[in-house]
Amino acid sequence: MNFKREVARRVFAKELNNATYTIKIAGEKNPIYVLTPLGLRCNRVFVIGAMIEKYEVRPESGIWKIRVADPTGSLVGYVSNFQPEALESLLDIEPPVVVAITAKVKVFEGSSRKLVSLRPEMINLADFYARDYWIVETAKSTIKRIKDLETEATEDAKLAKKIYNPNLEDYKAAVREAITKLKEEYEAFEEFEEEEEDLDLEFEEEEFDLKDLV
Amino acid sequence: MIEKIEDLAERIYETFKDYGVKKKEIAERLRLLILEFKVPENEAMNTVTNYLVREYKIPRERLRAPLTKIADLKSKQWVSVKAKVVTLWEPSSPAIAQTGIIADESGSVRFIIWTKSEKPEVKEGSSYIFRNVVTDEFAGNLRVIITRTSDIEEINEEIAVKVDPKSKATSFVGALVAVHQNSGLVQRCSECGRIAKGGNCPVHGKVNWYDDLRLRGVIDDGETTYEIIADSKVLKELIDMDLEKAKDLAQKSLDRGAVLAELKKKLLGRYLVVEGSADLRFFRVSRAEFLKPEVASEIDKILEEIK
Ligand SMILES: [Zn+2]
């Protein structure tokens, strides 16, 4: 069996949205990969974030556009009949809400620049705990890529440096900010932990904040 | 040192005993080389082996498969292993005749006997010499593969075994990124237990079938994907769904697919800690639970790394 399933990579919106370079290895069945500025070669991603937008591109078109935010930015996704499983669950989901998504990554030529978008294969409701774990997991893998780029440790790191020459301080700051937000949340959380009413209130506030973003 | 020499002699003897070699002769030659001439052990082993091959006209391919302790196995070696079968699992594919764990006093390892190898069945608790087998690595774990050119000889010998818990079960954390359509309330062939979709077994055709509950899907940790299989026992512990509840749900919704939908709703995108064992294509989950993330402890570590 030669078919090998593509790994669902963990990557922040900021890094993925800046990707413009695609890699296609000759052969009809071979997947197209997106190379991110930090040297991640990916075809599929797993994201847990806040779905903050969902609307039908044109009435009756059957194509839905969604926007999913992580602490560094937001990603756009399109769901249609071609992704029946994702479409079915999307119809029951109303933003703002935390979701887990497995998606293929696509880069297409916009009018002024190349744009990254997701083609979700699976969408499901998720919770804040899972989202926080996803942020930690993604921060760790981002830091690893930053280090690999600094030392040009892999072929893809070298290639990414040549193509993008990314400002690594920028990416470090984004990770730092995402994790610091999480830290503040957890410190606040600890203070409230003992009183359940306060806990409930905090969740309501968090939901409310998300509504403001829409 | 005398004991060590006896042990080395034993290994060489076991490898070539079919050819009438004598353990005493091997031990004497080893003793001479190692103790008198201070030749390094591996040189002495090679020298004695070469002598035996010439003297007893042993085919060269036997040389490529020296008797090796399980703890010393590495990937992609042709070896022989003297070990006891400690566990047998149900094979996941008709291509596999038997699979499970073998162990000797140094450790344990998974093994696979290909159906095509046409070997007699091994029994749990019995000891064997597996001659001319090959090792490989799968999902980070070493395996011993018994092929057509291998030999399995049952031996009447009690082997004290050391079972490495890692070879028996591995555990990892990942997100369930896909649930395959052939999950949920499935029909199995009464003859062979294979999935019989719509009452049709791929081998036995239209058959009697029975209901079973299972999950087939993909767990992904961002670096590796694992095709997993979990049975109703695992699902019962994880989401409190067993075969009876699954049947109830299907009956109430007048749709067997309702069980699949329920599995997807409860499990897709969730981080799981799973324990189990890998065979040819699948990771068989023996236990799974939802991850309770310890985020707070990771935060400071990460901030330290990018300050
Ligand atoms: Zn059958």
Side-chain angles (χ1 to χ4, degrees), chain A residues 1 4-11 42 44-48 85 88-89 92 98-103 121-144 146-147 168-169 171-176 178-180 182-187 189-190, chain B residues 92-93 95 138-139 172-181 183-184 216-228 239 257-258 260-273 279-283 290-307:
Chain A
M1 196 179 62
K4 199 164 178 320
R5 189 186 160 92
E6 289 295 326
V7 174
R9 303 292 177 186
R10 317 299 205 246
V11 54
C42 75
R44 175 181 277 138
V45 291
F46 176 69
V47 180
I48 300 185
E85 199 182 332
E88 198 185 328
S89 37
D92 290 334
V98 178
V99 291
I101 294 179
T102 312
E121 303 163 297
M122 171 286 277
I123 302 176
N124 200 14
L125 295 176
D127 59 28
F128 290 108
Y129 300 105
R131 181 210 49 191
D132 293 349
Y133 184 78
W134 181 86
I135 292 172
V136 165
E137 207 181 40
T138 307
K140 282 187 191 165
S141 74
T142 308
I143 292 167
K144 183 169 186 302
I146 291 172
K147 287 183 171 164
L168 294 182
E169 286 313 312
Y171 285 100
K172 282 184 194 171
V175 173
R176 208 180 296 124
I179 293 296
T180 307
L182 208 55
K183 187 181 162 81
E184 283 161 7
E185 213 176 279
Y186 271 78
E187 280 164 359
F189 184 78
E190 273 166 28
Chain B
S92 63
S93 146
F138 181 76
F172 62 87
V173 174
L176 190 77
V177 296
V179 168
H180 295 318
Q181 291 302 114
S183 300
R216 279 259 286 107
V218 181
I219 296 186
D220 185 314
D221 64 7
E223 300 292 334
T224 311
T225 65
Y226 302 86
E227 288 285 342
I228 62 132
I239 54 169
L260 174 62
E262 183 71 6
L263 290 184
K264 286 183 176 174
K265 202 170 126 194
K266 290 204 162 134
L267 293 169
L268 271 176
R270 302 290 302 267
Y271 285 104
L272 298 174
V273 187
D279 62 22
L280 194 64
R281 283 170 59 197
F282 300 110
F283 187 90
F290 291 112
L291 175 72
K292 295 171 204 73
E294 290 277 344
V295 169
S297 61
E298 300 274 356
I299 288 175
D300 290 321
K301 259 191 269 170
I302 293 174
L303 286 176
E304 184 63 27
E305 273 198 76
I306 42 159
K307 62 171 189 283

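Within every chain, numbering begins at 1; the chains are lettered A, B, ... in the order of the sequence lines, protein sequences first and strands thereafter. What's counted below: heavy atoms across the whole structure, side chains too, no hydrogens, waters or symmetry copies.
- A:I101 does not touch chain B: none of its heavy atoms, backbone or side chain, sits under 4.5 Å away.
- Judged by distance alone, with hydrogens and angles left aside, the side-chain atoms of A:N124 form a donor-acceptor pair with the main-chain N or O of B:L268 at under 3.5 Å.
- Of all the heavy atoms in A:A8 and B:V177, the pair that sits closest is CB-CG1, 4.3 Å.
- Judged as a ring pair (Phe, Tyr, Trp, His ring centres under 6.0 Å), and not counting sequence neighbours, B:F290 has no contacts.
- At a 4.5 Å heavy-atom cutoff, the contact between B:E223 and chain A is made by backbone and side-chain atoms alike.
- Using a 4.5 Å cut-off between heavy atoms, A:E88 makes no contact with chain B at all.
- The contact between B:K264 and chain A is made by backbone and side chain atoms together, counting heavy-atom distances below 4.5 Å.
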Evaluation steps, side chain to side chain contact (heavy atoms under 4.5 Å, CB included), between A:R5 and B:E227: CA-CA 9 Å; A:R5 189 186 160 92; B:E227 288 285 342; 4.2 Å; yes
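- Rounded to the nearest 0.5 angstrom, B:D300 CG and A:K183 NZ are separated by 3.5 Å.
- How far CD1 of B:I299 is from CG of A:L182: 4.0 Å, rounded to the nearest 0.5 Å.
- Checked against salt bridge (Lys or Arg N to Asp or Glu O under 4.0 Å), B:R270 has no partners two or more places apart in sequence or in another chain.
- Heavy atoms of B:L176 lying under 4.5 Å from chain A belong exclusively to its backbone.
- Residue A:A126 does not touch chain B at all, counting heavy-atom pairs closer than 4.5 Å.
- In terms of heavy-atom pairs under 4.5 angstrom with chain B, the leader among A:K147, A:K172, A:E121 is A:K147.
- Scanning both residues, B:Y271 and A:I48, for their nearest heavy atoms gives CE1-CD1, 3.6 Å.
- In this structure, the separation between CG on A:D132 and CD on B:E298 is 12.5 Å, given to the nearest 0.5 Å.
- To the nearest 0.5 angstrom, B:E305 atom CD is 9.0 Å from A:K140 atom NZ.
- Taking CD of A:E6 as the start and OG1 of B:T225 as the end, the distance is 9.0 Å to the nearest 0.5 Å.
- The minimum heavy-atom distance linking A:M122 with B:G269 is given by the pair CE-N, 3.7 Å.
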Stepwise side chain to side chain contact (heavy atoms under 4.5 Å, CB included) test for A:F46 and B:D220: CA-CA 9 Å; A:F46 176 69; B:D220 185 314; 6.0 Å; no
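- Taking B:L267, B:D221, B:V179, B:T224 one by one and counting their heavy-atom pairs under 4.5 Å with chain A, the maximum is reached by B:D221.
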